[in-house]
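Accompanying notes for the structure given below.
Here is the naming used below: chain letters follow the sequence lines, and residue numbers restart at 1 for every chain. Only this structure's heavy atoms are used, side chains among them; waters, hydrogens and symmetry mates stay out.
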Number of protein chains: 2
Amino acid sequence: MELSQIISNCKDCGYRSWAFKNLSPEELKQLNNKKVEIFFRKGEHVCMEGDEISSFMYLRNGLVKLYKTETNTREHIISIAKPKDFIGLLSIFSNTNHIYSITAIEDSVVCFVDLNVIKSFINTNGAFALDFIEKISSISDSVIKTRIDINTRQLRGRIAYILLLFAKHVYDSNKFSFPISRKEVAELIDMSTENVIRVLSEFRKDKLIHIEGKNIEIIDIKRLEKIYELG
Amino acid sequence: MELSQIISNCKDCGYRSWAFKNLSPEELKQLNNKKVEIFFRKGEHVCMEGDEISSFMYLRNGLVKLYKTETNTREHIISIAKPKDFIGLLSIFSNTNHIYSITAIEDSVVCFVDLNVIKSFINTNGAFALDFIEKISSISDSVIKTRIDINTRQLRGRIAYILLLFAKHVYDSNKFSFPISRKEVAELIDMSTENVIRVLSEFRKDKLIHIEGKNIEIIDIKRLEKIYELG
DNA sequence: TATCACTTATGATATATATCATAATATATA
DNA sequence: TATATATTATGATATATATCATAAGTGATA
């Protein structure tokens with residue numbers, strides 16, 4: 001694992017107003033002193049299942065996957081986190097060790113904030129605490145919602161879901177490069193790798209999408225949405 | 001829906017030390033004034049998808065199911081909540097309206113605490129806020145873990161899971177009365193009603209359990225655990 | 001460049017699961 | 001109590017999905 005630390009200041013961070021708007025200048029200085037910002041190349045581990053929890057992790061840039069290792073050759077991906085997501089989920093507040101592993105699936109920048117600092121802010125700054133609970137609630141709940149959305153659908157609906165997820169919520173474009181392999185898609189939506197490939201081929205034959213290796217273009221989003229809605 | 005309000009005092013509540021231990025006597029009085037404790041008979045709705053959120057709901061007694069309505073005849077159960085659980089999940093902090101419905105599956109007592117009072121405690125009482133985040137985190141995360149546990153298993157593993165869940169975590173006994181119908185089990189673990197019944201029959205034939213209507217007794221917990229572990 | 005491992009691809013087959021059909025039993029309701 | 005309705009039960013069949021097998025393409029690396 002290669003770590004390269006980035007030196008930047010919380011008070012100038014574009015996301016400050018979003019996640020840490022209720023901190024005083026003094027608290028921001030504290031935050032800045034107790035955070036490390038680390039660059040991860042695609043494929044590098046951010047943290048591993050079992051590691052001791054010491055930081056609150058915040059994705060500034062890139063894309064990471066949150067997963068559990070099932071067997072030697074298979075993982076189970078719980079979610080894909082985007083910038084502004086708190087990537088450790090809530091277990092960091094109720095466990096001493098990580099119950100998930102996190103790996104960058106694109107070049108990413110993760111902010112590691114000393115968990116004790118966050119806790120002290122919660123303890124002393126009520127406005128921050130309230131805002132903080134709202135933010136973590138929203139992310140945690142959307143993970144639950146996504147799991148249900150996926151598991152109540154069958155294969156074509158799941159693939160449609162993933163395509164729409166990347167197009168709408170990650171890349172904001174109908175044309176994007178798949179950041180994960182077909183095998184990882186399979187691990188994310190609970191199906192076999194072969195069937196992920198097969199359904200993508202079907203979608204191509206049905207002229208719903210263009211595929212060229214990792215590059216995907218959605219060409220009939222209306223019909224794709226219908227497939228998703230029907231399950 | 002029949003509501004019967006119960007008059008009891010928070011300061012005498014057996015669960016106070018668990019959920020609200022960091023409140024001052026003054027705050028406890030405030031809590032007491034802004035809470036309603038309601039008795040629900042089995043089958044009665046605690047709240048419905050779409051209802052406006054105004055309370056933080058806490059299960060004192062009984063058992064409730066949290067679910068989304070899929071079609072006229074089918075629901076999707078997200079979780080079964082036990083006493084001490086915050087039954088609204090975290091969406092109550094990030095939404096204005098409930099995204100799940102809640103129904104009692106056993107006679108239950110639910111405490112409704114004005115959400116604004118909880119928020120004001122978070123705002124002004126740091127120790128409470130910290131403890132509170134730990135509690136809601138733990139419940140939210142266990143919902144995610146349960147969903148994964150269920151969906152990575154096949155039918156026999158799922159039924160084993162549910163049986164063990166009720167025996168170990170709900171009733172603390174190998175002998176219990178199933179609080180939900182086979183159809184509801186199916187809705188909870190994403191399988192067809194017929195197959196829930198079928199697998200239960202198989203388990204009976206394999207001498208893993210005794211069944212007599214709703215009454216279940218686990219007679220070979222070791223083998224049941226093995227089936228669960230194998231998936 | 002040559003070799004190796006991994007990913008994508010597709011067909012054939014096996015397996016898991018859902019659906020349909022029917023009946024017995026239990027539960028609710030008039 | 002009688003009747004309707006929902007639940008439990010089981011077999012037969014259809015469908016969805018996984019697994020196995022094979023091959024071509026891709027990327028890493030020595």
*Checking all strands, does A:Ser201 fall into the base, sugar-phosphate, or nothing category for heavy-atom contacts under 4.0 angstrom?*
sugar-phosphate
*Starting at CE of A:Met191 and ending at P of C:dA16, how long is that distance when rounded to a whole Å?*
18 Å
*Roughly, in whole Å, what's the span from CG in B:Leu155 to C1' in C:dT19?*
14 Å
*Hey, does A:Ser181 reach any base, or is it just sugar-phosphate, or nothing, if we go heavy atoms under 4.0 Å?*
sugar-phosphate
*Quickly work out the B:Glu187 CD to D:dT7 P distance and round it to whole Å.*
10 Å
_Interatomic distance, B:Ile180 CD1 vs D:dA6 P [rounded to whole Å]_ = 19 Å
*Which part of the nucleic acid, if any, lies within reach of B:Lys214 when heavy atoms closer than 4.0 Å are counted: base, sugar-phosphate only, or nothing?*
sugar-phosphate
*Gap between atoms CG and P, on A:Asn151 and C:dT17 respectively (whole Å)*: 13 Å
*asked:* Under 4.0 Å, heavy atoms only, any strand: does A:Arg156 hit a base, just the sugar-phosphate, or nothing?
replied: nothing
*Please confirm whether any donor atom in the side chain of A:Arg198 sits under 3.5 Å from an acceptor in the base of D:dT19, or the reverse.*
yes
_A:Glu194 CD to D:dC20 P, straight-line distance once rounded to whole Å_ = 9 Å
_Would you say the rings of B:Tyr67 and B:Tyr100 are close, in the sense that their centroids are separated by under 6.0 Å?_
no
_Pairing partner (Watson-Crick or G-U wobble, both distances under 3.5 angstrom) of C:dA30_ = D:dT1
*Protein-nucleotide distance (A:Ile159, atom CD1; D:dA16, atom C1'), rounded to Å*: 14 Å
*Flag the pair A:Arg156 and A:Glu202 as a salt bridge only when some basic side-chain nitrogen lies within less than 4.0 angstrom of an acidic carboxylate oxygen.*
yes
*Between B:Asp190 and B:Arg147, does at least one N-O distance fall below 4.0 Å, as a salt bridge requires?*
yes
*Should the pair B:Arg153 and B:Tyr228 be classed as cation-pi, given the thresholds of under 6.0 Å to the six-membered ring centre and 45° from the axis?*
yes
*Protein-nucleotide distance (B:Ile197, atom CD1; C:dA26, atom P), rounded to Å*: 14 Å
*Base, sugar-phosphate alone, or nothing: which one does A:Arg204 contact when heavy atoms must sit under 4.0 Å apart?*
sugar-phosphate
_Reference residue B:Leu59; test side chain to side chain contact (heavy atoms under 4.5 Å, CB included); the match among B:Ile102, B:Val110, B:Val46, B:Val109_ = B:Val110
*Is the shortest side-chain N/O distance from B:Asn195 to OP1 or OP2 of C:dT17 below 4.0 Å?*
no
